[in-house]
Amino acid sequence: MEICIIDDDRVYQLLMKRLIHRVDESIVIKTFYNGEDAFNYYKNHPCKCQIMLLDINMPKMDGWEFLENINIEDFKDSCIYLATSSIDYSDQEKAKKFDKVKGYLTKPITKEKIKEITEAY
Amino acid sequence: MAPENKNLPYILSSPFVIFGFFLALGFAFLIKVILQRPAQLQRYIHVQAAKLVSSEVKYKAIFNEAGLGIIHLDEHENFIEANQRFLRKTGYTFEEISKMKFSKMLKIKSKSLHKILNHEKFEGKLLCKDGTKKIVRVTNSALNVDGHKTHILLVENITQRKEAEKNLKDLQSKMQMAIRISQLGYWEWDIAYDKIVWSDRMYEIFDFERDHDLNSSVVLNSIHKEDVNLYKTKLKQILETKKGLTFEIRIVDNKNQVKHILARIECEEDESHKLAKVKGTIMDITEKKQALINLQHSYQMVVEQNERLLNFSYIVSHNLRSHTSNIQGLIEIIREVETFEEKRELFNLLAEVTQSLDESITDLNEVIHIQKSKGGLAEEIALQPFLNRIKNILKREIKQSGIIINENIPEDVILHFNSAYLESVLLNIVSNAIKYRDSKKNSEINIIFREEENYKVLEISDNGIGIDLESNKGQIFGMYETFTDFKNSRGIGLFVSNNQMKAMGGKIEIDSELHKGTVFTLYFKK
């Protein structure tokens, strides 16, 4: 299984790597520091990840822009989750408008949550 | 000769005969006249008697049918006579009143009139038979009949007149009260003589002494300079159309206080339809105007505070939360890991996150402080020495980066601005230019000053890495917008700078091209 993390928060990325590996050490983790880097990568590479954790507020290209720009066909085998520290209600409402978004996760993301979404896949 | 002599005595006696004849004639006439005299007198008596009867009838008619009550009293106020009108009005018959004294029928306010017949005129309330009271005015004239003193009294019913008077008084006092309560000033302007009459309130509004000379130019001089044209236009319109108008205008009173006035003007024409008088009311609406202005200020403040609240909730939601969620996550792992190495590594991360949290809180404080002290005190700032101070603060960064700063600023430029804000704005822009320099070029910053119609303009340009404005449109001055991957780009700077410029009535503009450089243009209000 492969999980992709797109987030500009370095500490969060480190945390997630540790938590995910505590759930299942075999999971491959791919990280990007902003939406643009991820977008450029997946333009040229097929997406092999089953789960994508996408942050909303990032420099260069934020989570919304990433969702607007990608071709859904390229991600048909992936579950995209918005993972954000925002508790802004309007963000949650906006997330519902994107069919590609499977769920909205509020940080901090716990081990139990990771178990839940990996098992759901 | 002899026959002539015989006739002589006869002839001589003839004058006596003639005399006698005339004498007899005289006596006859005299007797006739004397005998005629009584008959003539008799005729006169008849005429006089007829006249007397006629005036008696007239008098009776007047007495009875007069529009007034007429009564005839003796000196003890007993009724001798009363006319029909008096009886009708009081409802009594003469038999009834003949047993009464007049003063018993009359209620008089003033106690000094206890002996009413000593007075020529008095007013009182006449008690009628049916219990009603009529206000009457009595005129008393004394009359001597056969050595007895009697009185003819004219009793005039003035109830209606009194009521009308009372109503008029009521109306007047109501109007005066209305004018007083509404604080209306009333004025009249006689055009032909350029004479102006003011009510008391007018003097209060203009703060003039009561003996102040009034004419059209005195009024014109009291009109606020910016409203003089409006006043003239309105006045012209009134004089031409002869129609009333309502408008608002400002005046400057005697104490140099500006007052907002609501003026209502009416026109009065003379018989030949020429405009004779212009008159109207004015109301001091300064307080209402002030309230409106305050309301607008309050509204503006609420809008700003709301904006601030949104910014605050943005920081809390997007920034503080990200740190706290990291801390929560880290603590969860620290609990679970066993090795000391792992724990130490995680504690270092925790320290890093705590540091970031602290920075965010400091930023938040800075933002709130800027907005709280909005409209901070402006002072005269000499630009060139000020820039030197900024360069001195950034001495280390400038030296390390090797950046070159070129200035083209006239020596005597003075800005009217808050010095703390200016320092913050310039530090932010210059340090950004150093931070985001393009290491492949010889980095430089150019600072140029110029003047525009409404603004003094400071242009700060660099040849750094630039910003892709197309994809970052509308976000540049938002809080926590960062455009680079630089670790220490905190995004707070431009948001704060923009707020500081706006707070002082200025603005900030940005022009940038990726890989070419950035130009910040600061506009300082003149």
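Throughout, protein chains are lettered first and strands after them, A, B, ... in sequence-line order, and every chain is numbered starting at 1.
Residue A:Asp99 qualifies as open at atom CG: its count of foreign heavy atoms under 6.0 Å is 12 or below. At most 12 heavy atoms of other shown residues, nucleotides or ligands fall within 6.0 angstrom of atom NZ in B:Lys516. By the neighbour-count criterion of 12 heavy atoms within 6.0 Å, atom CZ of B:Phe347 is sparsely surrounded, having that number or fewer from other residues, nucleotides or ligands. Surrounding CD of A:Glu25 are at most 12 heavy atoms belonging to other residues, nucleotides or ligands under 6.0 Å away. Atom CG of B:Asn348 has more than 12 heavy atoms from other residues, nucleotides or ligands within 6.0 Å.
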**Q.** Pair A:Lys107-B:Gln328, side-chain contact (heavy atoms from CB on, under 4.5 Å): steps then yes or no
**A.** CA-CA 9 Å; A:Lys107 293 176 190 172; B:Gln328 283 172 312; over 6 Å; no
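With sequence neighbours excluded, no residue satisfies salt bridge (charged side-chain N to carboxylate O under 4.0 Å, His left out) with A:Lys48.
Between A:Pro108 and B:Gly329 the shortest heavy-atom distance is CB-N, 4.1 Å.
A salt bridge between A:Lys111 and B:Glu332 is absent, with no side-chain N of the basic residue lying under 4.0 Å from a carboxylate O of the acidic one.
Pairs of residues two or more places apart, or lying in two chains, that qualify as ring-ring contact (aromatic ring centres under 6.0 Å, His included) and include a residue from residues 97-119 of chain A are A:Trp64-A:Phe98.
Only the side chain of B:Ile333 has a heavy atom closer than 4.5 Å to any heavy atom of chain A. Proximity to chain A (any heavy atom under 4.5 Å) is restricted, for B:Leu346, to the side chain, taken from C-beta onward.
When side chains are defined from C-beta on, A:Leu14 does not count as touching B:Leu330, because their heavy atoms never get closer than 4.5 Å. Within the 4.5 Å cutoff, no side-chain heavy atoms of A:Arg18 are placed close to those of B:Glu336.
Not a single donor-acceptor pair under 3.5 Å links the side chain of B:Arg321 to the backbone N or O of A:Thr106.
Between the CG atom of B:Asn326 and the CG atom of A:Leu15 there is a distance of 5.5 Å, given to the nearest 0.5 Å.
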